[in-house]
Trainee: 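Can you read through this structure? Questions will come right after.
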Protein chains: 2
Amino acid sequence: MSLASASAARPAPPRRTPKGERTAERILDAAEALFAEHGYAGTTLRAVADRVGVRIPSLYNHFASKDALYAAVLERGLAPVIAVLSDTLEPEGLGSRDSGELVERVMAVLAERPELPRLVQHETLTGGQHLTPMLRSWVTPLFARAHDLAMATPATRRWGPEQIPLLVLAFYHVVVGFFTIAPLLHEWVGEDPRDEAVIERQTRFLRQLVETLLPDEPPADA
Amino acid sequence: MSLASASAARPAPPRRTPKGERTAERILDAAEALFAEHGYAGTTLRAVADRVGVRIPSLYNHFASKDALYAAVLERGLAPVIAVLSDTLEPEGLGSRDSGELVERVMAVLAERPELPRLVQHETLTGGQHLTPMLRSWVTPLFARAHDLAMATPATRRWGPEQIPLLVLAFYHVVVGFFTIAPLLHEWVGEDPRDEAVIERQTRFLRQLVETLLPDEPPADA
DNA sequence: AGAACAAACTATTGATCGTTAGTTTTCGAG
DNA sequence: CTCGAAAACTAACGATCAATAGTTTGTTCT
């Protein structure tokens, strides 16, 4: 073991944080990937420990239980997404910003962690027991603001007020579904959603979807 | 509904089929509901047996393993959906039928078994190991026909040929996502996707989505 | 009614699950 | 360099998993 003085390039990790704290994040990384792929029940602590390169009981030095680890993964992953959403959807910027900016920002933050939407989908499918207490205070105002944003456009001319929530949900499903179906597409067509070109193509598509469904100017239907 | 023999109302089940065959279907029903809610790993044979009202080893009289039961659930559930899809998307009816008919038929068959999309979503998220061999010969031509159907409309004027597949996928995600998020909406808003009114509203919304995104007549953009 | 078979049962298997107790190693501060 | 704490380890726990063997019950056909 060479602990160099101050010279050559060394694969050493940044020694800024205490050791335990860094392994805690490595555990979170491993757990995030495994939970996203196999879900909560399908992920064993053995799989997590193996991926980290550690024995199972060591996990308990950082997280009290499998459930606590899962909650930590969910919270660490969701926080930046919620931040971006609530920032972009701030009430003061409602009219001024165009809806396309929201699409680009959301896609950008999700592209950095493409496993997150799959994690959320697993939670959604199994009832969202862990998701509900965390999102109850967030998703409601966010949904309301997205609703207002859509209502502020002349889209109500063609959509009718009661259909706006469905429109918002539809956008959610298209965005999340893109990441959800990624592993299958990767196997069938060979497209990796981590590929920047694929992300950009989808983002462009979503922008056009927004323009078509929520046009800035009323349609010229004679 | 009931094909009664000729006599009084009796709680007895139809004695047409041999007994084992009927319990096999009861097992499939129970397994379908449980797999859709908790996924493969999250569903235990004990839960299935309890729901059927039978001991665990009895399941093995009808299905060779948990995996075989899962495959049987998937196949029995997917068959009618594939049938409707491939029938509606038959090449000869490409131009004549309007795309809205496809939406209505798909929503109708899914509304009868709202757990199916969730089952497929679980499979999709976990890699679709059981899904791929079953759908490989089906999803490819279906996707190709949906692609042709979209290309046959004047939609390419506004969408560009390379975006049509994304459009088809987007429709898939909106349809499936509606059933996926149902349990959460049921908890948050109290809407049950089994409610006929909710289904009809979503179907109407989807028809309008089709009309807006794939208009029959070229848009009058001056 | 009785033989033959299907389908339920009881009991138990080895493997693996999440979790805990107790011990040793490693790290960081004085 | 040393000491104390943090974090790794070994070993084992009870519970539960899917699956099997052997037996009993029930149904169906002649």
Side-chain angles (χ1 to χ4, degrees), chain A residues 1-5 10-32 34-35 37-74 122 126 129-130, chain B residues 5 10-32 34-35 37-74 122 126 129-130:
Chain A
M1 288 293 176
S2 65
L3 67 100
S5 49
R10 167 162 65 110
R15 285 294 185 106
R16 202 71 246 146
T17 56
K19 173 183 177 182
E21 199 167 313
R22 287 193 296 106
T23 65
E25 280 213 13
R26 284 179 28 210
I27 294 175
L28 284 174
D29 289 337
E32 181 176 293
L34 289 169
F35 281 139
E37 184 169 359
H38 306 107
Y40 180 83
T43 300
T44 68
L45 292 184
R46 164 176 287 279
V48 177
D50 282 355
R51 185 180 258 246
V52 178
V54 109
R55 304 291 182 175
I56 299 177
S58 302
L59 304 178
Y60 286 86
N61 287 328
H62 305 274
F63 302 95
S65 64
K66 183 187 181 184
D67 215 80
L69 171 59
Y70 184 69
V73 166
L74 227 51
H122 273 293
T126 55
Q129 306 293 343
H130 296 81
Chain B
S5 50
R10 173 162 58 110
R15 282 294 183 106
R16 202 69 248 146
T17 56
K19 172 182 178 181
E21 198 168 314
R22 289 192 295 105
T23 65
E25 278 213 13
R26 286 191 337 173
I27 293 174
L28 285 174
D29 290 337
E32 182 175 293
L34 289 168
F35 282 139
E37 183 168 0
H38 307 108
Y40 180 83
T43 300
T44 68
L45 292 185
R46 163 178 288 280
V48 176
D50 283 355
R51 185 179 260 245
V52 178
V54 106
R55 304 290 183 177
I56 298 177
S58 300
L59 305 177
Y60 287 88
N61 287 328
H62 305 274
F63 303 95
S65 65
K66 183 187 179 182
D67 215 80
L69 171 61
Y70 183 69
V73 166
L74 227 51
H122 273 293
T126 56
Q129 306 294 341
H130 296 80

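First the proteins, then the strands, lettered A, B, ... as listed; each starts at 1.
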Trainee: Atom OH of B:Tyr40 to atom C1' of D:dC17: distance rounded to whole Å?
Mentor: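 Rounded to the whole Å, the gap is 11 Å.
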
Trainee: Applying side-chain contact (heavy atoms from CB on, under 4.5 Å) to B:Ile27 and B:Leu59, what does each step give before you reach the verdict?
Mentor: CA-CA 8 Å; B:Ile27 293 174; B:Leu59 305 177; 3.6 Å; yes

Trainee: A:Leu34 has an atom CG; how far is it from atom P of C:dC17, in whole Å?
Mentor: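 My rounded result for the distance is 12 Å.
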
Trainee: Could you check which residues of residues 51-60 of chain A get a heavy atom under 4.0 Å from DNA chain C? Sort them by number, please.
Mentor: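 Heavy-atom contacts with DNA chain C come from A:Ile56, A:Pro57, A:Tyr60.
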
Trainee: Output yes when at least one side-chain N/O atom of A:Thr23 is less than 4.0 Å from OP1 or OP2 of D:dA7, else no.
Mentor: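 Indeed not, no polar side-chain atom of A:Thr23 lies that close.
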
Trainee: From B:Glu25 CD over to B:Glu32 CD, what is the distance, rounded to the nearest 0.5 angstrom?
Mentor: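 Taking CD in B:Glu25 and CD in B:Glu32, the distance rounds to 10.5 Å.
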
Trainee: Kindly say whether B:Ala68 contributes a backbone atom to a donor-acceptor pair with the side chain of B:Ser65 at under 3.5 angstrom?
Mentor: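 Looks like yes, one N/O pair under 3.5 Å.
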
Trainee: To the nearest Å, give me how far apart CZ (B:Arg46) and P (D:dA19) are.
Mentor: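 In whole Å, D:dA19 P and B:Arg46 CZ are 15 Å from each other.
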
Trainee: Send over the distance from A:Asn61 CG to C:dT19 C1', rounded to a whole Å.
Mentor: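 About 13 Å, once rounded to whole Å.
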
Trainee: Checking side-chain contact (heavy atoms from CB on, under 4.5 Å) for the pair B:Tyr40/B:Thr126: CA distance, chi angles, key distance, verdict?
Mentor: CA-CA 9 Å; B:Tyr40 180 83; B:Thr126 56; over 6 Å; no

Trainee: Rounded to the nearest angstrom, tell me the gap between atom CZ in B:Arg22 and atom P in D:dG26.
Mentor: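 It is 16 Å, rounded to the nearest whole Å.
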
Trainee: In this structure, how many angstroms lie between the C1' atom of D:dA7 and the CZ atom of A:Arg26, rounded?
Mentor: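 Spelled out: CZ on A:Arg26 to C1' on D:dA7 is 12 Å.
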
Trainee: With side-chain contact (heavy atoms from CB on, under 4.5 Å) as the criterion, how do B:His38 and B:Thr44 come out once you've worked through the C-alpha distance, each side chain's angles and the decisive distance to 0.1 Å?
Mentor: CA-CA 9 Å; B:His38 307 108; B:Thr44 68; over 6 Å; no

Trainee: Expressed as a whole number of angstroms, how long is the span from A:Asp50:CG to D:dC9:P?
Mentor: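 Nearest whole value for this atom pair: 11 Å.
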
Trainee: Can you tell which of D:dA8, D:dA18, C:dG18 lies closest to the side chain of A:Lys66?
Mentor: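 Within the option list, the nearest is C:dG18.
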
Trainee: If I take atom CG from residue B:Leu69 and atom NZ from residue B:Lys66, how far apart are they, to the nearest 0.5 angstrom?
Mentor: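 Spacing of CG (B:Leu69) from NZ (B:Lys66) equals 9.5 Å.
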
Trainee: What's the CG-C1' distance between A:Leu45 and D:dC9, to the nearest Å?
Mentor: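 Distance, rounded to whole Å: 17 Å.
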
Trainee: Identify the residue among A:Leu28, A:Val48, A:Val73, A:Leu45 that makes a side chain to side chain contact (heavy atoms under 4.5 Å, CB included) with A:Phe63.
Mentor: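 Considering A:Leu28, A:Val48, A:Val73, A:Leu45, a side chain to side chain contact (heavy atoms under 4.5 Å, CB included) with A:Phe63 is found only for A:Leu28.
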
Trainee: Just compare D:dA7, D:dC17, D:dA18 and give me whichever is closest to any side-chain atom of A:His62.
Mentor: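 Side chain of A:His62 sits closest to D:dA7.
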
